[in-house]
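In listed order, ligands and their atoms are each counted from 1. In what follows, residues are counted from 1 in the order of the sequence shown.
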Amino acid sequence: MLTFYYYPGTCARAVHIALEDAGAIYERRRVDFAKAEQRGADYLRINPKGRVPALATERGVLTEAPALLVYVAQTHPQAKLAPLDDPFAFAQMQGFAAYLASTVHVAHAHRPRASRWADEASSQEDMRAKTPANMRECFGLIQRELFRGPWAMGEDYTVIDPYLYTLAGWLGTHGVDIEEFPAIAEHSGRMSARDSVRRVLAIEAA
Ligand SMILES: N[C@@H](CCC(=O)N[C@@H](CS)C(=O)NCC(=O)O)C(=O)O
């Protein structure tokens, strides 16, 4: 049995949607950020990084959203959530995931988590002021170079779709209108209509 650790609105949403897309059998545990549970001793025993998502499996705990997404796709091949038989296409998908994790997510975090990078209030403010431009640059590049349509990787839905949808959902928190990126806005609209996404949003809101 899998146990999935998440908090609403975070990057864990991508994995949550993928688990639903896969028809996975799992338990979910909400790690309450409002109570700083992600930094509490109980959760740090599960994920010493103090972050979500985490996925406890029979072989141990997995962390890092891109790794979890691929794990879900590989352990549920019938759901066809990744090009499992095509090394080149699989690597392209990994490249997209790596960009979302290492560049887009980090650009975003400079606003809500500025204190990770600087102590001075003025330095933090300076970083926050830059996030709209950085997010615009990231999503401009995604729309121009990475996104294929109708799904992120082209004709076939993959685990990149919930990942892109989740991070695109953060644009508004930077005062960036998703409509500046019509292909990404259209993708988010199509994602919102999926049963898996509706289920996850309802669970998060409950
Ligand atoms: N590189 C990690 C990042 C995980 C991460 O930063 N998660 C955020 C939520 S989006 C978190 O748990 N933040 C809690 C905190 O900073 O206290 C991944 O891709 O899974």
Side-chain angles (χ1 to χ4, degrees), residues 2-22 24 26 28-57 60-75 81-82 90-91 93-119 123-124 127-128 131-132 134-135 138-139 142 146 152 158-174 176 178 188 191 197 200-201 203-205:
L2 300 170
T3 305
F4 172 60
Y5 296 86
Y6 74 103
Y7 186 68
T10 67
C11 60
R13 180 180 285 170
V15 180
H16 205 170
I17 295 168
L19 285 163
E20 290 293 316
D21 283 325
Y26 67 103
R28 59 181 78 81
R29 301 266 165 79
R30 185 185 288 236
V31 181
D32 194 346
F33 281 17
K35 296 182 185 155
E37 279 179 4
Q38 78 272 29
R39 293 187 208 110
D42 286 348
Y43 187 67
L44 290 177
R45 267 193 289 278
I46 294 156
N47 181 5
K49 294 171 183 165
R51 308 274 179 95
V52 294
L55 189 69
T57 78
V61 176
L62 294 170
T63 60
E64 301 296 325
L68 269 56
L69 290 169
V70 164
Y71 180 77
V72 171
Q74 288 183 321
T75 52
L81 296 174
F90 196 83
M93 191 193 82
Q94 294 279 61
F96 204 142
Y99 183 70
L100 292 174
S102 65
T103 302
V104 185
H105 191 160
V106 175
H108 160 77
H110 277 70
R111 198 186 69 79
R113 302 289 185 193
S115 61
R116 275 185 204 155
W117 289 280
D119 292 324
S123 305
Q124 294 182 10
M127 282 195 292
R128 286 196 192 96
T131 64
N134 287 339
M135 293 297 278
C138 289
F139 276 87
I142 289 171
L146 301 181
T158 68
V159 289
I160 297 303
D161 291 295
Y163 202 9
L164 177 62
Y165 166 75
T166 298
L167 271 54
W170 294 343
L171 282 168
T173 68
H174 297 275
V176 178
I178 194 171
S188 285
M191 285 296 294
V197 174
V200 166
L201 295 183
I203 291 162
E204 286 192 1

Side chain to side chain donor-acceptor pair (under 3.5 Å) contacts touching residues 32-55 (sequence neighbours left out)
D42-R45, K49-T63, K49-E64
Does the side chain of L100 reach to within under 4.5 Å of the side chain of H105, using non-hydrogen atoms?
no
Identity and separation of the nearest protein heavy atom to atom 2 (C) of ligand 1
E64 OE1, 3.1 Å
Ligand 1 atoms in contact with P53 (distance to a heavy atom under 4.0 Å):
20 (O)
Nearest protein heavy atom with distance in Å, relative to atom 7 (N) of ligand 1:
V52 O, 2.8 Å
Could you pull out, from P112, A65, A97, G9, the option with a heavy atom nearest to atom 20 (O) of ligand 1?
A65
For the residue pair F4 and H16, does the interplanar ring angle fall in the parallel (under 30°), tilted (30 to 60°) or perpendicular (over 60°) class?
tilted
Say whether R113, considering both its backbone and side-chain N or O atoms, lies within less than 3.5 Å of an N or O atom on ligand 1.
yes
For ligand 1, the portion of Q38 having any non-hydrogen atom under 4.0 Å away:
side chain
With R116 via salt bridge (charged side-chain N to carboxylate O under 4.0 Å, His left out) - residues at least two apart
none
Which protein heavy atom lies closest to atom 3 (C) of ligand 1, and at what distance to 0.1 Å?
H105 CE1, 3.9 Å
Hey, mind stepping through H174 and T131 against side chain to side chain donor-acceptor pair (under 3.5 Å) and telling me if it holds?
CA-CA 7 Å; H174 297 275; T131 64; 2.9 Å; yes
Closer than 4.0 Å to some heavy atom of R39 - which atoms of ligand 1 meet that?
15 (C), 17 (O)
Determine yes or no for a side-chain-to-main-chain donor-acceptor pair under 3.5 angstrom, with R128 supplying the side chain and R111 the backbone.
yes
Could you check atom 9 (C) of ligand 1 against the protein and tell me its nearest heavy-atom contact, residue, atom and distance included?
T10 CB, 3.6 Å
Identify the heavy atoms of A73 and V159 that sit nearest to each other, and give their distance.
CB-CG1, 4.2 Å
Considering non-hydrogen atoms only, spot the tightest contact between A114 and Q124 and give its length.
CB-CB, 3.8 Å
Does ligand 1 have any atom that is closer than 4.0 Å to a heavy atom of R116?
yes
Structural part of Y7 in contact with ligand 1, heavy atom criterion under 4.0 angstrom:
neither
Specify the protein heavy atom at minimum distance from atom 11 (C) of ligand 1: its residue, its atom name, and the distance to 0.1 Å.
R51 CD, 3.5 Å
